[in-house]
Asker: 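Take a look at the following structure, please.
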Amino acid sequence: MKATVYICTGSTCRKKKGTAKKLASALEPVASVKRVKCQKICKGPVVGIQNGAPVQWFRSCGDDDRKDLVRVAEGHKPSKSLRKRVASKRDGKLR
């Protein structure tokens, strides 16, 4: 079963032009990508990944994180750099 990836479309997350589109393009082959409204954990772009467990949110995701996010969507554990950006207060929640 494919993971579901949520990409925030709030104003702060949209400020990094093109980043959300690049993240979505990288994740679409391995996950179902959905755009969602602001998750109120802005330090954008914000990405949530749900892979058979409650959704896990990551803040400040950029171009350098694409490979790590794809690996998480494939079922691997987040890398050390990605773990530093886990937004645990939103884990399991979706607005």
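Note that this is a predicted model, so its numbers are computed, not measured.
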Asker: Which residues pass the side-chain hydrogen bond (donor to acceptor under 3.5 Å, both in side chains) test with Arg95, sequence neighbours left out?
Answerer: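 Checked Arg95 against side-chain hydrogen bond (donor to acceptor under 3.5 Å, both in side chains); zero matches.
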Asker: I'd like to check the side-chain contact (heavy atoms from CB on, under 4.5 Å) partners of Thr12; sequence neighbours left out, ordered by chain and number.
Answerer: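 Testing Thr12 for side-chain contact (heavy atoms from CB on, under 4.5 Å), a comparison that skips the adjacent residues, returns Cys42.
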Asker: Atom NZ in Lys84, atom NZ in Lys80: separation rounded to 0.5 Å?
Answerer: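 That separation rounds to 5.5 Å.
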Asker: Of all heavy-atom pairs between Ala73 and Ala3, which one has the smallest distance, and what is that distance?
Answerer: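 Closest approach of Ala73 to Ala3, heavy atoms only: O-CB, 3.3 Å.
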Asker: Does some side-chain heavy atom of Val55 sit less than 4.5 Å from a side-chain heavy atom of Lys93?
Answerer: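 Counting from C-beta outward, Lys93 and Val55 never come under 4.5 Å.
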Asker: Treat each ILVMFWY residue as a node, draw an edge where side-chain heavy atoms are under 4.5 Å apart, and state whether Leu82 and Ile7 are in one component.
Answerer: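 Per the 4.5 Å side-chain linkage, Leu82 and Ile7 are co-clustered.
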Asker: Hey, are the side chains of Val47 and Cys8 touching, using non-hydrogen atoms and a 4.5 Å cut-off?
Answerer: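 No - every pair of side-chain heavy atoms lies 4.5 Å or more apart.
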Asker: Roughly how far, to the nearest 0.5 Å, is the CZ atom of Phe58 from the CD1 atom of Ile41?
Answerer: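 Taking CD1 in Ile41 and CZ in Phe58, the distance rounds to 10.5 Å.
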Asker: Report the residue from Leu94, Thr4, Thr9 that forms a side chain to side chain contact (heavy atoms under 4.5 Å, CB included) with Lys34.
Answerer: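 Exactly one candidate clears the test, Thr4.
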Asker: Which residues pass the salt bridge (charged side-chain N to carboxylate O under 4.0 Å, His left out) test with Asp68, not counting sequence neighbours?
Answerer: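 With neighbours one apart ignored, the set is empty.
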Asker: With a cut-off of 3.5 Å and sequence neighbours excluded, list every side-chain donor-acceptor pair involving residues 25-33.
Answerer:
from	atom 1	to	atom 2	distance (Å)
Ser25	OG	Lys21	O	3.0

Asker: Please list, chain by chain and in numerical order, all residues satisfying side-chain hydrogen bond (donor to acceptor under 3.5 Å, both in side chains) with Ser81, sequence neighbours excluded.
Answerer: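 For Ser81, the residues satisfying side-chain hydrogen bond (donor to acceptor under 3.5 Å, both in side chains) (neighbours in sequence not counted) are Ser79.
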Asker: Flag the pair Lys77 / Val72 as yes when at least one side-chain heavy-atom distance between them is below 4.5 Å, and no otherwise.
Answerer: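 When only atoms from C-beta onward are counted, Val72 and Lys77 do not touch, as no gap falls below 4.5 Å.
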Asker: Which heavy atom in Cys13 sits nearest to a heavy atom in Pro45, and how many Å separate them?
Answerer: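 Nearest heavy atoms, Cys13 then Pro45: SG-CA, 3.8 Å.
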Asker: Could you check whether atom NZ of Lys37 has more than 12 heavy atoms from other residues, nucleotides or ligands sitting under 6.0 Å from it?
Answerer: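 No - once you tally the heavy atoms of other residues, nucleotides and ligands closer than 6.0 Å, there are 12 at most.
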Asker: What residue pairs, at least two apart or across chains, pass side-chain hydrogen bond (donor to acceptor under 3.5 Å, both in side chains) with a residue in residues 44-59?
Answerer: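 Sorted pair list: Tyr6-Gln50.
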Asker: Would you please name every residue forming a side-chain contact (heavy atoms from CB on, under 4.5 Å) with Ser88, sequence neighbours left out?
Answerer: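 Once residues adjacent in sequence are excluded, the partners of Ser88 under the side-chain contact (heavy atoms from CB on, under 4.5 Å) criterion are Val86, Asp91.
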Asker: Which heavy atom of Asp65 sits nearest a heavy atom of Ser60, and at what distance?
Answerer: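 Smallest interatomic distance, heavy atoms only, reads OD2-O, 3.7 Å.
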Asker: Would you say Val46 ends up clustered with Ile49 if hydrophobic residues are merged whenever their side chains have heavy atoms under 4.5 Å apart, either directly or through other cluster members?
Answerer: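 Shared cluster, no.
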